[in-house]
Amino acid sequence: MEYKFNEIEKKWQDYWRENKVYQVSNNSGKPKYYVLDMFPYPSGAGLHVGHPLGYIASDIYSRYKRLKGFNVLHPMGFDSFGLPAEQYALETGQHPATTTEKNITTFKAQLDKIGFCYDWNRELRTSDPQYYKWTQWIFLQLYNSYFCNTQQKARPIADLVKKYETKGCKNFTADQWNAFTKKEQEDILMNRRLAFSAFGEVNWCEALGTVLANDEVVNGVSERGGHPVERRKMRQWFLRITAYANRLLQGLETVDFSDSMKEMQRNWIGKSEGAEIEFNIKNSTSRLNVYTTRPDTIFGVDFMVIAPEHEIVTAITTSEQKEEIEKYLAYVKSRSERERLAEAKTITGCFTGAYAVNPFDGRKIPIWIAEYVLAGYGTGAIMAVPCGDQRDFAFAKHFNIPITNIIGTHFTGHEANPTKDAVLQNSGFLNGLVMKDAMAVAINKVEELGIGKRKVNYRMRDAGFSRQRYWGEPFPITWCDGIANPLDASELPLELPHVDKYSPGPNGEGPLANLTDWINTANGRRETSTMPGYAGSSWYFLRYMDPHNDKTFCDRKASDYWNQVDLYIGGTEHAVGHLLYSRMWTKVLFDLGLIGFDEPFKKLLNQGMIQGSSRFIYRVAGTNQFVSAGLKDNYTTQPLHVDVNMVDGVDLNIEKFKQWKNAEFADATFILENDKYICGTEIEKMSKSKFNTVNPDELCDKYGADTFRMYEMFLGPVEASKPWDTKGIEGVHRFLRKLWRLLFDDLKGKIWTDAKATDAELKVLHRTIKKIEEDTERFSFNTAVSTFMICVNELADLKCNKKEVIEQLLILLAPYAPHICEELWHQLGNKGSVLDADYPTFNPALLVESTKDYPVSVNGKLRTNIILPLNLEQPQVEELVLQNEVVQKWLDGKPPKKIIFVKNKMINVVV
RNA sequence: GCCCAUGUGGCGGAAUUGGUAGACGCAGCAGACUCAAAAUCUGCCGUUCGCAAGAGCGUGAAGGUUCGAUUCCUUUCGUGGGCACCA
């Protein structure tokens with residue numbers, strides 16, 4: 001009986017589906033465990049071998065946990081709103097809903113082929129109205145909440161209104177509040193809502209009539225068409241994530257993410273401590289407020305730099321400088337934020353003609369504007385200290401601004417020195433203090449004089465939450481006289497209306513603005529922008545817990561039961577965006593009492609990227625002739641990507657190549673080396689356009705899903721990035737066939753027996769149990785696969801065909817290769833899924849050894865091995881070692897200085 | 001520029017706490033079985049010297065700590081990724 005993997009895999013996938021083997025209940029006496037993958041965006045290109053890496057890891061772990069007696073939630077869904085579908089619609093006229101549906105069908109079929117244990121009954125799609133109804137609902141919760149600074153948590157905005165009505169606040173009394181117009185009141189509340197509307201800068205492209213993402217802007221022009229792009233203020237929705245900055249920071253202490261992942265989030269949040277200091281401006285009533293982390297350097301300030309967008313600019317610019325400044329402002333407007341921050345080499349700036357006054361020594365400080373200072377960070381103004389900050393130093397040198405030295409010999413005049421350990425000079429009342437200590441002294445003085453205060457600052461900005469696009473969640477908001485009106489929860493979902501064309505609406509609005517019937521309602525004009533991609537993904541892990549509930553987003557009972565995601569697997573590309581947003585949403589829902597935990601993901605495992613190994617051929621310039629890689633240097637050539645699937649290693653299959661792309665290269669000729677065409681190679685991102693993608697379906701057809709799963713794991717540690725190479729897959733396939741042959745012979749059929757296992761066989765088994773359990777627990781799936789190979793090799797060497805042993809092995813292997821294990825499990829006469837078997841228990845007694853083959857080194861160099869009983873103590877060991885012939889040879893008659901003996905490890909003789 | 005990760009045979013990788021470097025697999029070589037092939041099995045497989053026994057070298061490089069370093073420390077180079085005039 002042969003190992004017919006295709007039949008077996010189909011059979012068990014059907015069985016699992018029909019018997020609902022992976023359906024999970026919210027009621028169970030077992031402890032729960034929640035394993036989640038970052039759900040995919042269903043792109044038109046389908047799945048390539050890079051996608052399933054994390055899915056296989058999570059699937060193995062889910063099955064393992066189930067075998068270990070847990071009620072495991074392991075769902076899958078689709079992040080199905082997004083730009084590519086809309087872009088595709090723009091090009092082909094096909095509705096995003098149609099193409100998305102089609103793509104999801106393909107994805108699901110591909111996923112099912114690999115044999116994942118998803119509970120598809122809980123599948124969700126962010127673009128499904130039954131799902132985004134609750135995305136909109138949560139948005140309304142955010143809209144109707146504010147961040148209470150006293151309690152450091154979200155509270156209903158109604159609480160704030162009540163306070164204003166009865167007590168007022170430091171800016172107005174209750175009477176004043178009650179006298180405000182509705183619009184005035186709403187404007188004040190908008191400044192506190194967690195989801196709020198305000199003006200924000202966007203990349204505006206006049207020619208395309210639309211807003212562009214940062215990466216759609218290249219060198220100041222649009223990527224599509226090369227049209228000019230400028231910064232423009234537009235009304236946008238935002239999430240007040242900055243209010244949660246500190247809690248997001250503190251929450252990192254309570255979760256199990258890698259240190260580098262936490263570090264990335266900390267850097268993004270960018271907490272800094274310093275001071276805000278106000279400077280008077282000469283001949284002006286305006287004052288300039290700067291934020292600095294180094295108040296100790298206040299006597300070293302030689303100039304100020306403010307953001308070109310700073311509101312004070314026009315007020316302080318002198319008439320002589322007006323023209324210059326306007327020219328510079330026009331230049332800055334043409335620069336995307338990314339460009340403004342990216343080019344460190346070219347220094348630009350412009351003097352306003354105005355001077356600030358140093359409050360301590362009265363010195364005149366010129367005020368400049370420069371693109372590297374952003375309006376959105378701090379106060380949008382900095383005090384520049386060239387002797388201590390390299391960027392300020394470069395700026396001063398470039399514009400010939402004299403530099404004051406406040407750190408004596410620590411400053412060379414050739415570069416800035418950002419030390420905090422220097423003793424201050426030329427620094428008035430701070431003279432003689434070490435900079436570190438001077439900070440507090442300076443801040444205290446500033447506060448005493450009432451010209452500034454201690455300030456904690458965050459680099460993170462509030463998150464832009466609207467997009468001028470079609471394929472996203474509509475906002476449940478209408479506008480009337482400049483006042484936003486939320487829809488009532490009973491009116492949800494506000495369904496995304498059908499459109500016939502996907503081009504932008506007037507005045508930079510999204511496509512929805514074209515639907516006059518839809519936007520005009522009795523309660524005002526509908527919001528025409530839609531929510532960004534991360535809206536639906538910020539809370540999806542909750543919906544899986546209670547996916548069909550039409551009363552609430554997730555019943556509190558369900559979220560109390562499943563609680564946090566125990567293991568979350570996904571790529572590092574979501575390190576800051578998605579993870580921070582979902583952490584924030586979780587905290588808000590927790591604050592409002594809607595769920596019982598405030599961190600969504602207990603443990604995060606980052607899978608590495610599988611890169612593609614591209615193949616190149618070299619066209620001789622201007623011909624249809626291609627030269628083999630080894631000879632290409634003799635010609636002028638252009639490299640051309642060829643499909644990796646037509647290449648065996650680096651050896652091009654010329655016949656296949658000639659038929660490629662509708663026989664585009666049918667007439668090509670070749671310059672070969674040793675009768676072969678050798679391709680060039682390069683490791684790149686796996687992508688369709690580079691022809692280096694490998695389709696998992698084909699590998700599953702050719703070798704089976706079990707082989708494919710194990711090979712992906714065998715490639716290396718899950719967390720590591722590595723290039724894909726199909727070559728080694730044969731080895732894993734051979735392993736599974738070898739396992740099969742322990743029970744079945746191709747000719748004789750069944751060869752397994754009920755005979756009792758020998759000690760040697762049990763030893764092999766229990767060594768494997770121990771190692772597999774350890775490796776699976778620490779997500780070391782690659783070494784687990786090796787362990788299985790070793791085990792089967794050893795059992796084959798022992799000619800062990802015993803049910804007693806192999807049955808246990810099948811349970812261990814089931815998470816990794818579920819189909820073959822299920823088949824063999826039943827062949828051995830068991831009923832029910834192998835996943836419901838009892839996980840083998842490791843028996844240490846079987847592995848106890850009485851002797852050890854010790855490596856013996858002389859002076860740290862390994863010279864021989866000696867087998868010694870394990871119960872020997874140092875003196876006996878020394879005696880036996882010194883008797884050894886090889887050791888005596890290396891001692892060469894000299895007495896040993898010392899003998900190091902580590903029990904059960906090694907022996908080292910020092911001469 | 002800053003931060004993080006990483007560097008081990010022809011290749012993917014292993015060595016979990018400082019204790020036999022190269023497990024396991026791929027590729028390669030030699031052989032068995034076969035009319036032949038596939039499949040399977042056996043042996044070899046870091047490098048240099050040597051018939052061999054054995055010896056020298058060897059985890060990017062150079063130092064250091066240690067009886068002992070792929071593992072810890074310092075310096076340095078390469079690669080990958082992330083962030084970026086963030087005050």
Side-chain angles (χ1 to χ4, degrees), chain A residues 2 258-261 263-264 266-268 270 272 274 290-294 297 305 338 340-348 370-374 376-385 388-392 394-395 418 457-461 572-573 575-576 608-609 611 649 683 710-711 714-717 719-732 734-735 737-738 741 746 771 774-775 777-778 780 782-790 793 796 853-865 886 889 896-902 904-911:
Chain A
E2 272 180 86
S258 71
D259 288 341
S260 51
M261 182 65 48
E263 198 55 30
M264 271 189 239
R266 283 194 199 104
N267 289 342
W268 184 268
S272 66
V290 305
Y291 173 72
T292 180
T293 52
R294 295 296 301 275
T297 61
V305 188
R338 189 167 286 189
R340 282 177 58 175
L341 302 182
E343 287 168 40
K345 282 157 251 153
T346 45
I347 298 164
T348 70
E371 60 176 333
Y372 75 81
V373 174
L374 300 178
Y377 185 77
T379 60
I382 63 164
M383 53 179 232
V385 182
D389 182 291
Q390 191 53 37
R391 198 185 50 245
D392 296 346
F395 194 90
N457 204 31
Y458 297 96
R459 178 187 140 177
M460 182 167 65
R461 289 174 247 167
T572 43
E573 65 270 25
V576 281
M609 198 198 300
Q611 293 141 323
I683 304 297
M710 290 193 83
Y711 183 57
F714 190 56
L715 230 41
E719 280 134 304
S721 290
K722 55 239 154 187
W724 178 265
D725 182 5
T726 305
K727 267 262 150 79
I729 198 168
E730 299 271 0
V732 175
R734 270 176 218 146
F735 153 75
R737 284 216 306 263
K738 196 164 183 176
R741 286 200 308 271
D746 285 359
K771 184 85 164 83
E774 283 169 2
D775 284 356
E777 289 284 357
R778 67 189 176 107
S780 180
N782 57 328
T783 53
V785 175
S786 313
T787 304
F788 284 122
M789 289 173 169
I790 293 168
N793 287 344
D853 187 6
Y854 281 98
V856 180
S857 301
V858 179
N859 284 336
K861 275 190 196 292
L862 178 72
R863 294 303 177 188
T864 189
N865 281 47
V886 181
K889 182 185 127 193
K897 208 182 269 172
K898 198 171 166 191
I899 295 176
I900 290 155
F901 168 63
V902 183
N904 210 6
K905 285 274 189 222
M906 45 62 68
I907 296 159
N908 188 15
V909 182
V910 186
V911 187

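Predicted model, so just to flag it, every value in this text is computed and none were measured. Protein chains get the first letters and strands the later ones, always in sequence-line order, with residue 1 at the start of each. The figures here come from the full heavy-atom set of this structure, side chains too, leaving out hydrogens, waters and symmetry mates.
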S.K.: Going 5' to 3' through nucleotides 6-21 of chain B, assign each nucleotide B (protein heavy atom under 4.0 Å from a base atom), S (under 4.0 Å only from sugar-phosphate atoms) or - (no protein heavy atom that close).
M.R.: ------BSSSB--BB-
S.K.: Please check the phosphate of A87(B) (OP1 and OP2 only) for any side-chain N or O of Arg294(A) closer than 4.0 Å.
M.R.: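 No, Arg294(A) has no side-chain N/O under 4.0 Å of OP1/OP2 on A87(B).
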S.K.: What contact category does Lys897(A) fall into here, base, sugar-phosphate, or nothing, at under 4.0 angstrom with non-hydrogen atoms?
M.R.: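 Touches nothing.
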S.K.: Which comes earlier along RNA chain B counting from the 5' end, the contact point of Ser260(A) or that of Ile790(A), where each point is its nearest nucleotide?
M.R.: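 The residue closer to the strand's 5' end, by nearest nucleotide, is Ser260(A).
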S.K.: Answer yes or no: does a side-chain N or O of Arg863(A) lie under 4.0 Å from OP1 or OP2 of A55(B)?
M.R.: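 Answer yes for this pair, as a side-chain N or O of Arg863(A) is under 4.0 Å from OP1 or OP2.
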S.K.: Can you tell which of G54(B), C3(B), C67(B) lies closest to the side chain of Glu263(A)?
M.R.: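 Per side-chain heavy atoms of Glu263(A), the pick is C3(B).
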S.K.: Check every atom of C4(B), G25(B), C26(B) against the side chain of Arg734(A) and return the nucleotide holding the closest atom.
M.R.: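 Selected nucleotide: C26(B).
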S.K.: Roughly how many Å apart are C45(B) and A37(B), using the P atom of each and rounding to a whole number?
M.R.: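 Comparing P positions in A37(B) and C45(B) gives a spacing of 26 Å.
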S.K.: So, do Tyr458(A) and Trp268(A) have ring centers that fall under 6.0 Å from each other?
M.R.: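 That pair fails the under 6.0 Å test.
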S.K.: Can you tell me the distance, in whole Å, between the CG atom of Asn793(A) and the C1' atom of C41(B)?
M.R.: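 Checked: the CG to C1' distance equals 12 Å.
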S.K.: Would you tell me if any nitrogen or oxygen in the side chain of Asn267(A) comes within less than 4.0 Å of OP1 or OP2 on C4(B)?
M.R.: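 Checking Asn267(A) against C4(B): no side-chain N or O falls below 4.0 Å of OP1 or OP2.
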S.K.: Would a distance-only check, ignoring hydrogens and angles, find a side-chain to backbone donor-acceptor pair under 3.5 Å from Arg863(A) to Val856(A)?
M.R.: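 Checked: no pair found.
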S.K.: Does a side-chain N or O from Lys727(A) land closer than 4.0 Å to OP1 or OP2 of G28(B), or not?
M.R.: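 For Lys727(A), the contact criterion (side-chain N or O under 4.0 Å from OP1 or OP2 of G28(B)) is not met.
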S.K.: For RNA chain B, produce a single dot-bracket line, 5' to 3'. Pairs: Watson-Crick or G-U wobble, both distances under 3.5 Å. Symbols: ( ) within strand, [ ] crossing, | other strand, . unpaired.
M.R.: (((((((..(((......[....))).(((((.......))))).((((....))))..(((((..]....))))))))))))....
